[in-house]
Structure formats: C-alpha cells, structure tokens
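Throughout, a chain's letter reflects where its sequence line sits, starting with A, and its residues are numbered from 1. Predicted model, so just to flag it, every value in this text is computed and none were measured.
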Number of protein chains: 2
Amino acid sequence: MPASRAYAHDPGVPALRRLLALNPALDDDALAALRVAIARTRTVRPHRELMSEGRDIVETLLVLDGWAARVRQLADGRRQIMNFILPGDLIGLCDYDQPVASSTIVAITPVTICTAPDRSVSPSLARAYAISRAMDEAHLMAQITRLGRLNAHERIADLLLELLERLSLVGLATGGSFVMPLTQEVVADALGLTSVHVNRMLQQARRAGELVWSGRDLMLTAPDDLRGAIGRNPVQVVRRAE
Amino acid sequence: MPASRAYAHDPGVPALRRLLALNPALDDDALAALRVAIARTRTVRPHRELMSEGRDIVETLLVLDGWAARVRQLADGRRQIMNFILPGDLIGLCDYDQPVASSTIVAITPVTICTAPDRSVSPSLARAYAISRAMDEAHLMAQITRLGRLNAHERIADLLLELLERLSLVGLATGGSFVMPLTQEVVADALGLTSVHVNRMLQQARRAGELVWSGRDLMLTAPDDLRGAIGRNPVQVVRRAE
DNA sequence: CGTCAAATTGACAAGGTTCAAGGACCGTGG
DNA sequence: CCACGGTCCTTGAACCTTGTCAATTTGACG
C-alpha cells in the first residue's frame, strides 16, 4: 500500500473525520449524503490539475485521499504554492453562480476525490462547509505571515506544525509523525525559498534534534516545544466549548 | 475636507458603486436596505480596532470611507499586514454562527462604517457578498504570491497596481492617481520589507519615472506599462460577459 | 518657532540565492 | 542480480538583495 494512500481500503474516513470535527452536530441527512458521495470516487494522478485558473468552477470537490497544492505560476517560470490541500479539504466551495477559479490546483500525490454533496442537503452540512471555508481563509493568512515576517527556519517549522495539526484533525498523524510526500523543492515553492536553502535549514533542524525526516516519514520530535519556540498558535475560527 | 474622506458629504457612494460593480443586478430590496444601513454610520479613529483576533464576530460591517488593514502581530513585535480594506469592502462576512475573528483589523485613516444589511434581504445582495468574499480571497492569494516570489521592486509595483484597480472600481481613482494615506512603514509591513528598503525602492521607481508620490497624492505614470513589466493580471472571479 | 512623525541617507552585516558538481535513492529492464 | 536512468538530496563558494543601525533632513501643524 503506497504510503500516500493510507486509507485506500476505506476511503472517506479522513474526510468524514474532518467534517465531523468542524461540526460535531452533522445530522443523518448530511452523513447519508456524504456516504453516497464517497461511494463515487475518481483518482487524479500527480501533476494533473484538479482545477484551473481562469476556468469555470463546475462543482465542489471533496478530497478523500492524497495531497494537492494551490499554485500560481508566473510568466517567467517562478512558482508559488498558496497552500496545501489535504484529505477532508473542499475545493471550489463558493456561494454564487458562474464562479471562475482564481488559482490552479495540482495533485502532488495521487488524489482521490468525489463530488461534494450540495450544501442544501442539510443546514449542519452547510455549517461544516462554512467553517471549512473560514479555516482555509485563516490558513491563507497564516501563509502570508510566514512569508512576510518569518525567517527560513521559522517558516519551515511553522509549515510543518500546520501540516501536523491539520493531519492530526483527520487522523493521519500519530503523535508528531506523519507521511510527508513533499519534496524539498515543493516545500521551497510554498515558503518562498530555494530548495537549496530549504535543504540547509532542514539539516540544521535535524542536527538540532527538532525533526527526523527520512524517506516519506517525518517526525517532529517535540511539536509543543517547537510551537513555543517560534510563537505559533493554531488556527481557530469557532468558539470552543469551555 | 481631509483627503482621506473624499466622500464625507455623500457617504456610501463608493460602497454602493462596488456592490453594484460586483453584481449589476442588485434589486430594489437590496438597494433600499443599503440606503437604510448607510444612514446609520459610525467613525473609527486611526489605530483603533474594527475587529479583534480571537473575539467573536458580532456583525458584518460595510466600509463607507477610509482605509483599514488586516493585521497580525507577532509576540516579538514583528507585524504583518495581510491586506488593506478600502471603501466598499465588507468586514466579518461569514456564513455560520459564533464565528471567531482570525485576525485583527485596525483603522489606518478615520474609517466610516455601518452595519451591513443581512444577506437574507435579497438574493442579489447575497450574490454581491459572495463575490466580494471570493475577491477578498483572491487578493489574499495575490498577496501570498507577492511575498513569496516577487522582489522588492515588483512587490511595490504590484501592490500599488492592486490598490489602483480596487480604488478605480469604487470611483476613488482618476486615471493612475489616487489618495495614498499609507506611510512607507505601513507599506513595508504589508510587503514583508523594512521601511528603509521601501524608501530606497520608491526613490528608484521615482527616478525611473514610474510614479509620482508627494504628500498624499500618488500617481502611477503608466499603469498599463507597469502591469506588463511585472507581469501582473488583475483579479477576476466571475465570468465577464463577452 | 518648536515639536514630532515621516522620509532620507550611508556604511556595514546578514540571510538567502545562484551556479555547479557530486552522491544517494529507487524503480525498471535486461 | 546487477546495471541503468532519473529524480531528489547534499555540498561549497561567490554573489546579491535586503536588513540593521544610526544620524540627518524634511514637512505638517499648533
């Protein structure tokens, strides 16, 4: 079983976990619609586009498995990754007719998707979608802060912590470890750095004992310490019950 | 009349222009609700917060006049501006209960606001709001690309072009000129640079004849040329009629 | 005319990039 | 089982963009 498709035998588990985490009050209508949706999957191969800048958005997609990236390519070949898209994430969510995609989304690993149930299926589902969207927005802002005000070491640590937090939410991380399908070059494209510099900083982090990354397995040795060291606080968009 | 409050005598004109631009089909219900809303304004003084990170969002605001910024402050004092908020922009738009603000918004100039009419007033208004939200998101992504892959000169040019485009939409720019209430330090905080470097790059741009910026009046000499030179294409989220 | 914030300047340091080359890893085919 | 090819990772040295520090000038305004 390829490491990047940990749930190929039971697709949709991470996606369901995420939507339930966003709205624990998902009702039966929502769950039933999700089950039906998840029964019809497609798989997109690496480097293929899930959505293309300037093209109409025809449906909302729910990612069941695999990683993708929201990318913008400049005329001279420079490339910027806005954010990563993980299992449970929604693609192309919006509330008006004839939307046009303002960015391109490419698969990094093989990505399994399905058509997301319409929000009208249930108010509880609509709420989960709305919260998902707010979190996406918060992650975009986190990315802006990373690029604007953190140095290379902090950028890397902050991104890895975000990935850990998001994967933990869907049950794809255990402790500080998760499957990391990104190359250093992809990380560089996300962090506004060169792959050479990402490499140097990663080795420094390894020597400092902050992380172990061999093959596709990445472990943050002490996520909480690291979080404290770089002053990160996780994204939050709903009032948590006391 | 202070330059930053060009429409103090007729508040709401830029805001109405923007919403009408986003959805030309705004119906009478929407327009009537907007007129009522715009009749009850408040003004927030510079440096005051319009919304605070971690606090509940109690209502959606519509900006009638003045500039604000969405800001994130780091523990050690570093500051990153996510985006600028201009007349016609909506603050705190979201589709679920008990939202928590994921960023702080501070007034840069005196900012005149009103409570935005509820989306339920009219489907056409809801559509305008949805498009507004999609544009905000696209602007966040533009900011990510700026910070991640553009150099200092390109960042400045790209930001100024975005401001010009947005102000043109609401009728607050004539040709390539608009009132620019930002200090170089604020520009630096938005672009992930230092004010010293922004200053140097601005002078270089002036010497190159790209812009004239004296006092609060800024003019881009040849916006189209500049747009071509840095390879910028404006934000677009709806299919434009052919 | 004095005051304060903002803009400007210079010298120097640092963080990150570029270029170029070598080495490790992995799946494929003979 | 090994050789091959490609992708990714690693390393060094020179270079360049941007940051830092500190001082000076400008401009708005009471």
Atom-pair distance (CD on B/Gln184; P on C/dT9), nearest Å: 10 Å
Polar side chain donor-acceptor pair, B/His197 to B/Gln184, under 3.5 angstrom: no
Electrostatic pair B/Glu185-B/Arg79, nearest N-O below 4.0 angstrom: no
Backbone N/O of B/Cys114 and side chain of B/Thr41: donor-acceptor pair under 3.5 Å: no
Interatomic distance where CZ belongs to B/Arg216 and P belongs to D/dG27 [whole Å]: 16 Å
Pairing of B/Asp224 and B/Arg227 as salt bridge, 4.0 angstrom limit: yes
Rounded distance (Å) that lies between atom P of C/dT17 and atom CG of A/Leu191: 10 Å
Whole-Å gap separating P (D/dT7) and CG (A/Leu182): 18 Å
Sugar-phosphate, base or nothing in reach of B/Arg78, heavy atoms under 4.0 Å: nothing
Of the listed nucleotides D/dT18, C/dG16, D/dT10, the one nearest the side chain of B/Asn151: D/dT18
Pairwise N/O distances under 3.5 Å, protein to nucleotides 18-26 of chain C:
residue: C/dT18; atom: O4; partner: A/Arg200; partner atom: NH2; Å: 2.9

Working for side-chain contact (heavy atoms from CB on, under 4.5 Å), residues B/Met82 and A/Glu137: CA-CA 11 Å; B/Met82 316 287 163; A/Glu137 232 172 84; over 6 Å; no
Spacing of A/Arg155 atom CZ relative to C/dG15 atom C1', expressed in whole Å: 10 Å
Any A/Gln203 side-chain nitrogen or oxygen under 4.0 Å from OP1 or OP2 of D/dC9: no
Minimum heavy-atom distance A/Pro181-A/Thr109, with the two atoms named: CB-CG2, 3.4 Å
Sugar-phosphate only, base, or nothing, as touched by A/Leu193 at under 4.0 Å among non-hydrogen atoms: sugar-phosphate
Whole-Å gap separating P (D/dT10) and CE (A/Met201): 13 Å
Integer-rounded Å distance: D/dT10 P and A/Asn199 CG: 5 Å
Distance in angstrom units between A/Ile108 CD1 and D/dC8 P, rounded: 12 Å
Phosphate OP1/OP2 of C/dT17 contacted by B/Arg149 side-chain N/O (<4.0 Å): no
Heavy-atom pair with the smallest gap, counting every atom of B/Leu161 and B/Pro223: CD2-O, 3.7 Å
